[in-house]
Amino acid sequence: MVDGALAITPGRGGIFGRSSDAIWRNPKMFLFLLLLPPLLWLGVVYIGSLLALLVQSFFSIDEFTGLVKREFTLKTYRELLHPANLDIIVRTVSTAVVVTLSAAVVAFPIAYYAARYARGRWKAVFYLGIMLPLWSSYLVKIYAWKLILAKEGILNWLFAQLHLTWLLDAVLAIPIIGGNSLSVSYLGTCIVFLYVWLPFMILPLQASLERVPVNLLEASSDLGAEPVKTFRYVILPLAMPGLIAGSIFTFSLTLGDYIIPQIIGSSRLFIGQAVYAHQGTAGNIPLAAAFTVVPIVVMGFYLWMAKRQGAFDAL
Amino acid sequence: MTDAVLLSKVCRHYGSVKAVDGIDLAIGEGEFFALLGPSGSGKTTCLRLIAGFDSPTSGHIEIFGESVDGVPPYRRNVNTVFQDYALFPHLSVIDNVAYGMMVRGASKSERLAAAEHALEMIRLPGYGTRRPAELSGGQRQRVALARAIVNKPKVLLLDEPLGALDLRLREQMQEELKTLQKNLGITFVFVTHDQGEALSMADRIAIFNEGTIIQVGRPEDIYRRPNTRFVADFVGSSNVIPVEFAGLSSQHQWASLRPEAIRIVETGGKQARVVSLNYLGNSTRIALDVEGTRLHALVSSYQPLPDEGDKISVDWDPDDVRVMEGE
């Protein structure tokens, strides 16, 4: 034993020393202190305002005075089912579905490469490449895309150089998704949505693929599964939590966005634009609130379905 | 008779690292064959080459007379029991076991019946609905075994399958594996770094070191007649003595003498001084100084033992001294 060393060092004293000891003896106190700020934020500010919004959607607007009547009614929801409003909902949800599916398809190979093959420097390049677009202004990116997709834009020029203008024209001639040029078509809206939300699909997908041990793929192959079957029965189920997490991002972000469809695409409204118009210009906060409830309901339904299909079994 | 597995001049180099460097090996049908060596000696790489997870840089591999060059693992009728079992975490035990038949297109009733039968064989009947995460290490090990043998492979590869189990369970599984192999008649190729495991289970053993095979033989041949100092040291422990000390003449320099071959005798033999005693339970290890050479003897604890510093006489059978190649 070292001379003069004690079996127990004396307390450091002071407020820090004493509170350290007290917290160590009382782990629940520590958890309480740790969670208090986020719970205050989440519980009061976040959930609270969400509930306030929900309540608003059960009020209605007085058609003569334009003031909100604070009485419980389903009138606003009935209004939501008007063909014009229903149209907005269907348009937004179907766009979100298309964007989510194509994001999954585009993101998978990238995420798979990053998870399985990229090492060291290439991994850094991957993260940089995925994150870089998120560092620049959202608006600048969207206007840049407007230029790219415009009739005089680089994409049209490229198609012309490749003598493929006929192909682009054929695509643009398809009803609903087509239009005069890509920048004023739903196709263009989807392309830009896909670009903007892609990182939110790639990152969770990559994280989930990274957790799939290589020897599971070897075991599958060893047991006689061709690569396609290994993908279907091992990789896809194990990547499902990541796919679901990514799709929650792309789906809900598309449902809520009001800037991209305003700048790129036909002038028909999306839910976000409708909310913006109703609460800002028209002052119809109940209807805006009812519109906002739609994505919440859709997401809730989506997650419920995903759980029922066993998407979270691998968690 | 064709060999179950035949490796000729097989190399697997990773850049300048020679994981496997020129291996010739023939494993007979129905044999329980152990690849034994320290970690990094190339035995696992060798197993992966047979399974098809990796391809040789040069050389050829045949399985039952058919060349497997360029044949992917899913077309080889060979199954592997992985070191950490590699059970599919998202599938139930029964679906894990039935996986091989499922991807090969067997009907649901057929594969469930076969999987249930395999679970009975490994003594886990009724565990089908559980998830691998709910099983203990030993149970997972058995499920991994069932998942492989249910496909009736021509060759079963086992990569340190007992490495993660505790001692008692490991001994029990050694017996079970041995019995299973006898009953099924499948060729087992077994990778291990545990020499005791290899000696007790295998019909034949190949000793690996630095990517090459040093010696191939039956356990008793390997143990009693190690051909190099490496084998003598790696398989059991051994006294490495100069050839002249043993009273032999040979072009080689060293000979091996197993500690348990040294006997304490009343008369005759060589004079020895007891340096230290090490009680090991059923036996006692005695360090001896014999004419200036340090020898270890392993004797039964159930006999009168000398004290430290005692002068005693020791002797051994000249047949137990084995001259070894190399430095």
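Throughout, protein chains are lettered first and strands after them, A, B, ... in sequence-line order, and every chain is numbered starting at 1. Keep in mind that the numbers below use all heavy atoms, side chains included, and drop hydrogens, waters and symmetry copies.
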Open item on the list: Non-hydrogen contacts under 4.5 angstrom with chain B: give the residues of residues 219-236 of chain A involved, or none if there are none.
Closed with: A/Ala219, A/Ser220, A/Ser221, A/Asp222, A/Leu223, A/Gly224, A/Ala225, A/Glu226, A/Pro227, A/Lys229, A/Thr230, A/Tyr233, A/Val234
- [ ] Could you tell me which portion of B/Arg147 (side chain, backbone, both or neither) has an atom closer than 4.5 angstrom to a non-hydrogen atom of chain A?
- [x] both
Open item on the list: Is it true that, when you exclude A/Tyr302 itself, more than 12 heavy atoms of the residues, nucleotides or ligands shown sit nearer than 6.0 Å to its OH?
Closed with: yes
Task: Residue A/Tyr138 excluded, over 12 heavy atoms near OH under 6.0 Å - done: yes
Task: Toward chain A, the part of B/Asn79 with a non-hydrogen atom under 4.5 Å - done: both
Task: Proximal component of B/Met101, with respect to chain A [non-hydrogen, under 4.5 Å] - done: neither
- [ ] Any chance you could measure A/Glu218, atom CD, to B/Arg48, atom CZ, to the nearest 0.5 Å?
- [x] 4.0 Å
Task: Choice from B/Gly100, B/Pro153, B/Ala144, B/Pro73 maximising heavy atom contacts with chain A below 4.5 Å - done: B/Pro73
Task: Heavy-atom neighbours of B/Lys182 NZ exceed 12 at 6.0 Å - done: no
Open item on the list: Can you confirm whether more than 12 heavy atoms, excluding those of A/Leu31, are under 6.0 Å from its CG atom?
Closed with: yes
Open item on the list: Given heavy-atom pairs under 4.5 angstrom as the criterion, report whether the side chain, backbone, both or neither of B/Asn77 touches chain A.
Closed with: neither
- [ ] Kindly indicate whether the side chain of A/Leu216, heavy atoms from C-beta on, has any atom under 4.5 Å from the side chain of B/Pro89.
- [x] yes
- [ ] Against chain A, label B/Leu87 side chain, backbone, both or neither, depending on which of its atoms sit under 4.5 Å from a heavy atom there.
- [x] backbone
